[in-house]
Amino acid sequence: MKFTFHGGVHPEGHKDLSRDVPLRLFDPKGEMVYPLSQHIGKPARPIVKKGDSILVGQRIAEADGFVSAHIYSSCSGTVKAIEKRRTLFGRLQESIVIDNDGQFTPAGDFTTRRDISGITNEEILKRIKDAAIVGLGGAGFPTHIKLMPTEPESIRFCIANGAECEPYLTCNDQLMRMYPDEIVEGLELVLRLFPNAQGVIGIEDNKPEAIAAMTKAAEGKEKIKVLTVKAKYPQGSERSLIKVVSGIDIPGTMLPAGVGCIISNVGSLYAIQRAVCYEEPLYSHCLTVSGDAVQNPGNFIVRDGTSFAELLEASGGLKEGVTLKKALAGGPMMGIAFGSLDVPVHKSTNGLTLLAEDAAEKAAENMTACLRCGRCATVCPAGLVPQRMAEAIISKDFDYFENELHGLECFQCGSCTYICPAGRPLMQEFKRAKSESMIAKRAKKEGGKS
Amino acid sequence: MIILITTLVIAIVSILVGAGLVFTSKKFYVEVDPRQTLVRECLPGNNCGACGYAGCDALAGEIAMGNAPVNACPVGGNPVAAKIAEVMGTEAGEPVDRKIAFVRCKGSCEVTHNQGNYVGLHDCRSAALSGVNVTDCDYGCLGFGSCESVCPEQAIKVVNGVAVVNRMRCVGCGLCAKTCPRGLIEMIPEKKRVAVQCSNKDRGPDVKKVCSAGCIGCTLCVRQCENDAIHVAENLAHVDYDACIQCGKCVEKCPAKVITPPAGTGA
C-alpha cells in the first residue's frame, strides 16, 4: 500500500536530468559572501574584522539572541570587507566578504571520528547548536530550537524528510544513495533525545535506489523504519508528511511538536551526524543545478557563500542557443526567482533551476476569469476551497475568508495555482490576504481602533 | 369576474401588509439622536473610512453619542470640526492642520530600475510578499499602484514607475499611507511643501548604486538650515514640519535635488 495524503498535484518531475549524477564537492574560486541573515530569526553578529585571516570552518559570526544561528566560513582567506551585498532575495544585506585563497585549509580536525559512546543529550544539543545547523529543507529554522520542545516525552515520531517532491531537485536523492549510514546515524542521535519516539524515513517511490540504500542502512535498527510514500507534490511539506506518517492533520496554528512529531530534512540529519561525530560545523550542503536551460545538470556539495553564477559555470553554462527566461533558487514550485545570479548560496538553498520558459509569465498572459471548475479544491492538501477563498478576497470579506473558509490554514504550496486551467495566481492572493489579516489582528491586539 | 377577484385579493393583501408595516414601525421605532442627522450633514460624505469608522454615517453616530471627538474627520479638517462643534454645543478643540499625502520616493524609471521581470499579481502588497525584492532599491516605490486602487478621490497615480499625489484632489484621508507596503507615504501638513523625497536608509555609496535621485545623507541641508528643522538620521534627511519656515535654502543646496521646493516655485 502506498501512503499518501488528500489532494496534491503531479507536476512533471524532470528528475532524470540529474538524478544519476553523483554529488561532488565544488571548490569555488572567487570571493565568498556570507550574509548575516541566512536563517529564520535575528541576524548573526560578525566577530571578525577586515583583514583577519580565516580558515575553513572558522566561526565568523555569532548567534545574536535565542532564535539565531552562527555562521562559519567555508573557505580560507582574508576578510575583505563587511558591507551590504545583494543577496538571494534581491535586498542589500549586511554580509561578510572573504577573499578566497583557494587552499581551503581547515580550522580544525573534521576527519577523525570522535568517540560518542558516552555522549549526553546536552552535549548532542550543544554540538548541534555550535555547528549552526538550520533546517536545510528551505525554511532555515535553527535546528537546536526544533530539537528542544517543552516535553520531549510527548514526541512520538521523528521523521526524516527524504520526500524531495520538488520537480528537478535530486540532491537529497543522491545524498541518501551516497551517505545512507550517516543519515541513519543522524536520525539515531536525534532519537536519543526523545525516549518515546519512533524514527521514520519518508521517501517518495520515484527514488528506488535511495529507498534500497536507506532500507539497507536501517536494517537491524529497531526504532527506525523506511516508509515509501507516493510521489506527489507537496509530499515533502512537513504537514503532508506528518499526515502520512502519523495520520494527524495539524491545525494551521500548531507546530509539528504540538502533535508529537519532529521532522527534519535528510540533509539536516547528515549535518547533525557530521556535527556530533566529527565536530564539523555546517558550512556546506547539497544542491542540485538543473533545468532545461543548463548544459550539464548535476548535484553538488556546495560551500555556503559560493556565487550562483560560478555554480552555473561549473555546470557547463547555458545550453547553446537557449535564452534564460527564469532562474530560481530551489525548485520551480516553491523556489525564489532571481534578479541576478551574482548572489551567494544560502545555508538552506537546495537547488538552482534554470528554465528556458517562464510558466508564470505565460499563465499571466492567458489568464481568464474563474471557470468554477473546482479543481483547486480537489488538489488542496489542506482541504480548503481556494475558489471561494479567492472570491472572498475580491469582495474584501476577510472575516469570511478567515473564519468560514479557514484561509489561514493555507501553507502556500501553490498546488491550486498549478492546476488552475484559468491561470489565476491564487496562491499569491492568499499570501497577501493572510499577511493582511495577520496585520489586522495585530492592530486589534494593540488596541487601536478600526 | 376573474379580474374583480384578483383586484380584491391584491387589495386585501396590500391593506393587511400596510397595516402590519405601520404597526411594526410604531412598535419597533428606534430613536435617533436628532443631532446625528445634523452632524451627518456637516460631514463631507465621501465614506472614505479614514476616521477609523465604517463611513460618514457611522462616524456621525459616534460623534452624536460622544464616543468620538468633534474633529474626528481628518478630511473635513477645521471648518467641519467647527460646524460639528456648533451642532454638539462644544468647543471645536485645538485646530488641526489638514494633512495631505506625500510620497517619499523619487525613483522614476529613469533613475532606478526593477530587478528582473516581475510577472505576478499587479499589486504592491503582493510584490512585497513575493520573497524577492522587485526594485533595485530596498526602500523605493514599487509602482504597482496599491495606493491608487484604495484612493477614494483618484488623487494618487503611478506615473513613470513612481506614485505621484495630485495635491488639488487629495483629501487627506491617509488610506494610501496605510496601504503602502513600504511605508513610503507620509501625511504632512498641507501648508508645508519642503519635504525629502526619499526613504532610503542605506549609506550614500549604496544609495548611488541603486538610484541616482536618492538622499545620500550628506547633511548639507542640515548645515544650511537656520531653524534646526531638518535632520539626518540613519543616512536619511527628514524635515521637522513644525519648525520648518519654508525658506527653501536646503532645497537649493541639496546635491541630489531630492528636497521638494516651497510653494510658489513650481512643483
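Lettering of chains follows the sequences in order, A, B, ..., and the numbering in each one begins at 1. What you are looking at is a predicted structure, and each value in this text was computed from that prediction instead of being measured.
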Drop me the distance from [X]'s [atom1] to [Y]'s [atom2], to the nearest 0.5 angstrom.
{"X": "A:E436", "Y": "B:T179", "atom1": "CD", "atom2": "OG1", "result": "8.0 Å"}
{"X": "B:R203", "Y": "A:E83", "atom1": "CZ", "atom2": "CD", "result": "7.5 Å"}
{"X": "A:K431", "Y": "B:L121", "atom1": "NZ", "atom2": "CG", "result": "11.5 Å"}
{"X": "A:Q428", "Y": "B:H122", "atom1": "CD", "atom2": "NE2", "result": "12.0 Å"}

Sort out for me which of B:N133, B:D202, B:D206 touches chain A most, counting heavy-atom pairs under 4.5 Å.
->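 Most pairs with chain A among the choices: B:N133.
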Quick one: does A:R86's side chain have a donor or acceptor within less than 3.5 Å of a partner on B:D136's backbone?
-> yes
[X] atom [atom1], neighbour heavy-atom count above 12 within 6.0 Å:
{"X": "B:E190", "atom1": "CD", "value": "yes"}
{"X": "A:K84", "atom1": "NZ", "value": "yes"}
{"X": "B:K257", "atom1": "NZ", "value": "yes"}
{"X": "A:K396", "atom1": "NZ", "value": "no"}
{"X": "A:R45", "atom1": "CZ", "value": "yes"}

Is it the side chain or the backbone of B:V134 that comes within 4.5 Å of chain A heavy atoms, both, or neither?
-> neither
Heavy-atom distances under 4.5 Å only: say whether B:A54 touches chain A with side chain, backbone, both or neither.
-> neither
Over all heavy atoms of both residues, which pair between A:G90 and B:Q115 is shortest? Give the atoms and the distance, please.
-> O-NE2, 2.9 Å
Looking only at heavy atoms, the pair that brings A:R432 and B:S126 closest together is CD-OG, 3.5 Å
Name the region of A:A364, side chain, backbone, both or neither, that has any atom closer than 4.5 Å to a heavy atom of chain B.
->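 Side chain of A:A364 only, per the 4.5 Å heavy-atom cut-off to chain B.
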Measure A:E365 against the heavy atoms of chain B and call it side chain, backbone, both or neither at under 4.5 Å.
->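 Neither; nothing under 4.5 Å.
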Closest-packed option against chain B by number of heavy-atom pairs under 4.5 Å, given A:L92, A:L88, A:I336 =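 Most pairs with chain B among the choices: A:L92.
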